[in-house]
Every structure is written in structure tokens, then in C-alpha cells.
Amino acid sequence: MKKKTIAAILSMTMALSFLSGCGNKDEGNTANGGNVGSLFGNVEKEAKGASEEAGSETAKSTEEKDGKEAASEEDKKASDQIAWAVEPFLSVDDILVDDITSDARVNMVAIVKNKEKYGYIRYDGTYALEPFFEGRTPDRFGLYNNRNSDDGLMGDITESGELSIISTGLGWGGPGYFAYYYDVNTMSIYQEFGGYGPYTEDKVQVVNQIKSAEGTGQNINIQETESKFGLANTKGLITELKYEDGYCNTDDGSPYVALKSGGKWGFFRINGEQLTDFLYEEFTGHDQDGNNWTLPNGITFEDDHFMPYLPTEGYIAVKQNGKCGYIDVEGKEIYPIGTFEDVRPVHGQKAWAKKDGKWGLLEFPAGSDKAVEIKKEDYYKLDDKAEALEAYSDVVAEYKRGFEYLAAHGNMEGFDSKYGFTAFMESHQYDIQDPKPSYVLYDINGDGIRELILQPGDWFTYDDIFTLVNGKPTHLSLDSDSSQILGYGAEIHLCEGGHMLWYIYERYTEHSFTNVKIFKMSDDGTKWEEEAYAYADITDWPANPVYTYHDVAGNEITKEEYDAIFDRYDSVQLTFMPLP
């Protein structure tokens, strides 16, 4: 899911005196309070059929009339049970309400739209500003009027609930978007906001599964996504990635999310606990609010992409087959579907609802929002990053201790560890005076074991790779005698299917070599085994380099034949995270 934010600032001035006098709702409207609770069951709305024994049109007509009157009485009885704080009185095109809860202003005013103009209306039914502004930012409370470049105003509601209207000499900014993507191979979340980079906060987000990407670290570029969504944080997946779409407000602190399956929406807590079945529809126009708005694959921001409303104050405004009602977060029916023509989220125990073509204010008793704690068992068991990293805790501790030792002593002389980390070899030490040790977990060969890959700094390639043998961390070695995977000057690229490309550059005066080996993980997953090899012989380097290419037997081959050896291996994109 994605967040769209728009800053609105305008260039222009306008007299404000004609705005005075706004603030009175229509005369003669009454307000009836009342408790909501479980208000009423299914209301019988159909007139009784004519009696089979009535032999005359008069009898049929009389019974139809009686039936209609009875149905009318039922409707009236049902209507009387609606707890109106202010009975429907307002005939406007729309009332715009957000489903955030952290900003106190959502309890003070809503944005009212009528005849393409916007204003503010309070939760007692009176105007803070009658519809006047001819444009509106998708911001929650900012309005702007810039139809004429010579008369620009901005309207806002302050945190104390007061109306503020100012002229402004600035321009209107453009949109920005948040999105979150999940790499199932590395268990990493990427955040998009103008560019892409690792997501490092611990909040739960709706994430979209990556299909392909380019680059690593801060330079990642998402190429394609799967139409698979779910919940995750930096510790791992909380649900499977199997939903069609998702929406959450976790940056606002909401403990709820909506996920889509079979074309309908259902509601969840952020620990993956499902509250309702997939029964509900999105609300037309609710496409700009919230902190996480991830678009399904193939939909652009220019397309309409509407969302349901998330629970507020323990209640959910819902729509089904175009008709509206309310449920609570336990899934209990408060107002049956069909009670209202349109509904909005609850704020300050009140909510705007539309009935018989007019908007009124409902009153709700205090609801209950249960605090959500995410426990270890809530994480999807096949993708628990915290558990996977715990298996390598001894390696991580020793790696961090090595960097602390290097910082304190300037070299690794006297450092003793049972793990022969490549970073601390004498030939490497001078390269890591400003270290940023980091890691990534990645199942290299698809056997269900996440290998731990370490690197000592931003510009380094992988330093050491560990796997688990009988549950114990073990170097993933190049052969049975090797305790390291790198030599000085090597460059490594992991590839799909359990492969690794290993480049070694040998630089001499006017004569250099580039050796490239392809390794594949052994069947038992304990070491690398060589699969292919080729090298380039470079003479007259670097002034006027001439390349000749050779296969594993030393026979000269063409560049096309040389490239063909390696082109069939697709590199894996990894996102390294700072060591915890």
C-alpha cells in the first residue's frame, strides 16, 4: 500500500471579510442522543403477499395497503433506534473524513464538499467555514483557493480547532508517495519515497512482494512486483504474501490493517489476527489518506485506487454491495448494512452518515481498542528473520568484537577468534578504518537454511558467508580445507540457483589477468564446488589494453564465447543491514 502526501502552498492574496458570518446550520433541526449498542435486527421491508383465499381485487388491495403501512411502521421504528446526535439535515455532495486518530483535529471538523467547493464543518453540525474554496489539497486539513492566480488563499484548522485563512505567495507543491516492498530471498523491506532504499523502522507495514530489482543497498530500483501483499516489519513476515492489496495507517499508530482477497476487503490487527471475513468494499474518493498505500502491480498513481476505512475508536464504517452500515472491531453488527446510504469513520464518538439524501451525525458509546503486541509466534514461521539471525548470534558477536578490537588497537595482532574472518586478515585491515559492518540473510540454495553473509563496509563485496551444519555456524568454504571465501582483491556475486561468481583481478605492470570462476553449493550445503572457469589475459595495460580470452583448458576463445559462459547466471540483489 502507498501514502500520497501533497503540500499546498499558493501564490496570491484575497480579502477575507466576506467569509464572516459562516457558522450556523439550518434552522429547526433537532438532535436526539441515544446509545448505539446492538440496535436492531433484520427489518422486514417487504409487504405481505395477497392471501391465497382472498378472492377479490379489493381484498388484495387492502392487504397490500396494510402490508405497506406495516413495513413503513417497521422502517420508522428502525429509524427511531438510530442514535442521532444531529438528525440528517445537510444536503451536500460529500463529507470528507480521514481514518487517522493521532491528530486531535479529526475530532473537531470534517471537510465538506458542495458544488466543487470546500469548507469545514464541526461535529455539532455547524460550519467553521461554509463551502468556499474552489480547490483542495489531499492534505487532511489544508484547503486552497487558486482558480485565479491573482487571488490565492489557504485555509487551515489549528490544533486548538480555530479557523485560519491566510494569503500566501508560494506555489503549490507536487505529490510524494510511500510504498513498501518485500524481498522474500533476503527478508528485506525496501521503502520508496522518491527513490528506493532499505526500510529500517520496526513498524508493521503492508508490503508488496518484489519480482525483480536492480542494484543493492541505497541504490535499489524495483523493476517489477508480484500481485502479492502481506504484513511485515524488519524482523520478518507476519502474514503470508498472498493478498491482492492492502492498506494500513501504522505510521499514525493504528493497530489495524485492511487486506483484500477475492475482490473484497477484510480487517486485521497488525499481528495478523483476522477480525472479519472478506466482505467489504472500498469507499469512492478515499484514495489519499493513510500512511501506507501500496498499489497492485499494473496500477499507476494516475488511476483511481480507492480504499476502505480503517477502524477508529473501535468501530468500522463499512460498505457492502453499495450499501453502508457499521460494525465494531470484534465483528459485531452495530448498524446493519443498508441502514445508511453513506458513512464515515467515528471521531470523538460521532460520525457523519447519510440517510434519505441528507447527512447527519451519529453518536456512539465509547468503543474499545485492544492494544496489539506482536509475539514471536505471530511471525510467519518460514520467514522469521529474528529467529534466523539468532542461530548465528555467536558469529555476529565475534564479528562485532573484532571491529571493536581493531578500533582500539589499530590492527588485529593478538585478536583470537574461532572464526577466521576475512575482514581481519592482514591484507584487509587497512581498508576498514571506517568500518560499517553489516549483514544479510539469504537462502542461497533453497534448502530452507538462511545463510549469513557479512561485509565490513559500504563499498566492499561480501566478506564471509556462514551456513548452519547440524545447527552450528560454519564457514561456507571453497573447499574442505579452506576457512575463508575471499582472497585479497576478489569480487563476489551470488546468483540464482545456488551459484556464485568469483572474480579475481591480478594487476601487474603492463600485463594483467581477470579470472572468473563459477561455484555451486554442494548437495550437502556445506561448501562451494567449482562449476565453470574462464579468464581474460590483458596486455599493454593500462595504456592500450588488449584482451584475449581463454576457457578452462587455456584454449583461446572469442569474447562472445567467453561472455556466454557467464551470461546464463542471474545475479541476486541483496540489501545489507547494520549489525544489531
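FYI, the numbering just counts along the sequence from 1. It should be emphasised that the depicted structure is a prediction, and the values quoted were computed from it without experimental measurement.
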Backbone N/O of [Y] and side chain of [X]: donor-acceptor pair under 3.5 Å:
{"X": "His499", "Y": "Glu496", "value": "yes"}
{"X": "Glu451", "Y": "Ile444", "value": "yes"}
{"X": "Glu244", "Y": "Gly263", "value": "yes"}
{"X": "Asp447", "Y": "Ile449", "value": "yes"}
{"X": "Thr250", "Y": "Gly253", "value": "no"}
{"X": "Gln274", "Y": "Thr276", "value": "yes"}

Identify the two heavy atoms, one from [X] and one from [Y], that lie closest to each other, and give their separation to 0.1 Å.
{"X": "Tyr379", "Y": "Lys235", "result": "OH-CD, 3.2 Å"}
{"X": "Asp567", "Y": "Asp570", "result": "O-OD1, 4.5 Å"}
{"X": "Leu310", "Y": "Ala258", "result": "CD2-N, 3.7 Å"}
{"X": "Tyr247", "Y": "Pro308", "result": "CE2-O, 3.5 Å"}
{"X": "Leu501", "Y": "Cys495", "result": "CD1-SG, 3.0 Å"}

Original post:
Given the rule in the ring pair (Phe, Tyr, Trp, His ring centres under 6.0 Å) test, do Phe283 and Tyr309 qualify, once you have shown the distances and angles that lead to the verdict?
Top reply: CA-CA 7 Å; Phe283 283 79; Tyr309 289 114; 4.7 Å; yes
[X] side chain near [Y] side chain, heavy-atom distance below 4.5 Å:
{"X": "Lys520", "Y": "Glu529", "value": "no"}
{"X": "Tyr199", "Y": "Ser188", "value": "no"}
{"X": "Val329", "Y": "Arg269", "value": "yes"}
{"X": "Tyr399", "Y": "Ser417", "value": "no"}
{"X": "Val184", "Y": "Gln209", "value": "yes"}
{"X": "Trp528", "Y": "Met521", "value": "yes"}
{"X": "Val552", "Y": "Tyr535", "value": "no"}
{"X": "Val396", "Y": "Leu452", "value": "yes"}

Please tell me whether [X] and [Y] form a close aromatic pair, meaning their ring centres lie under 6.0 Å apart.
{"X": "Phe278", "Y": "Trp265", "value": "no"}
{"X": "His493", "Y": "Tyr503", "value": "yes"}
{"X": "Tyr243", "Y": "Phe229", "value": "no"}
{"X": "His286", "Y": "Phe306", "value": "no"}

[X]-[Y] side chain donor-acceptor pair, cut-off 3.5 Å:
{"X": "Asp524", "Y": "Thr526", "answer": "yes"}
{"X": "Tyr182", "Y": "Glu226", "answer": "no"}
{"X": "Glu192", "Y": "Tyr181", "answer": "yes"}
{"X": "Asp464", "Y": "His475", "answer": "yes"}
{"X": "Asp251", "Y": "Gln205", "answer": "yes"}
{"X": "Glu556", "Y": "Thr548", "answer": "no"}
{"X": "Asn208", "Y": "Thr225", "answer": "yes"}
{"X": "Tyr562", "Y": "Asp551", "answer": "no"}
{"X": "Tyr380", "Y": "Glu240", "answer": "yes"}
{"X": "Asn515", "Y": "Tyr533", "answer": "yes"}

Original post:
Is it true that Arg401 and Glu404 make a salt bridge, defined as a side-chain N closer than 4.0 Å to a carboxylate O?
Top reply: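 Salt bridge: no.
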To the nearest 0.5 Å, what is the distance between [atom1] on [X] and [atom2] on [Y]?
{"X": "Asn271", "Y": "Glu377", "atom1": "CG", "atom2": "CD", "value": "9.5 Å"}
{"X": "Leu231", "Y": "Leu237", "atom1": "CG", "atom2": "CG", "value": "9.0 Å"}
{"X": "Glu561", "Y": "Asp563", "atom1": "CD", "atom2": "CG", "value": "10.5 Å"}

Original post:
When you look at Lys418 and Asp394, which way does the salt bridge (charged side-chain N to carboxylate O under 4.0 Å, His left out) test go after all the steps?
Top reply: CA-CA 10 Å; Lys418 61 183 176 181; Asp394 188 42; 3.0 Å; yes
Original post:
Between Trp502 and Phe519, what is the ring plane arrangement, given parallel below 30°, perpendicular above 60°, and tilted in between?
Top reply: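 Aromatic pair Trp502/Phe519 classed tilted.
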**OP:** Mark yes or no: Lys264 above the aromatic ring of Tyr280, with NZ or CZ under 6.0 Å from the six-membered ring centre and no more than 45 degrees from the axis.
**Re:**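 Ring-cation test returns no.
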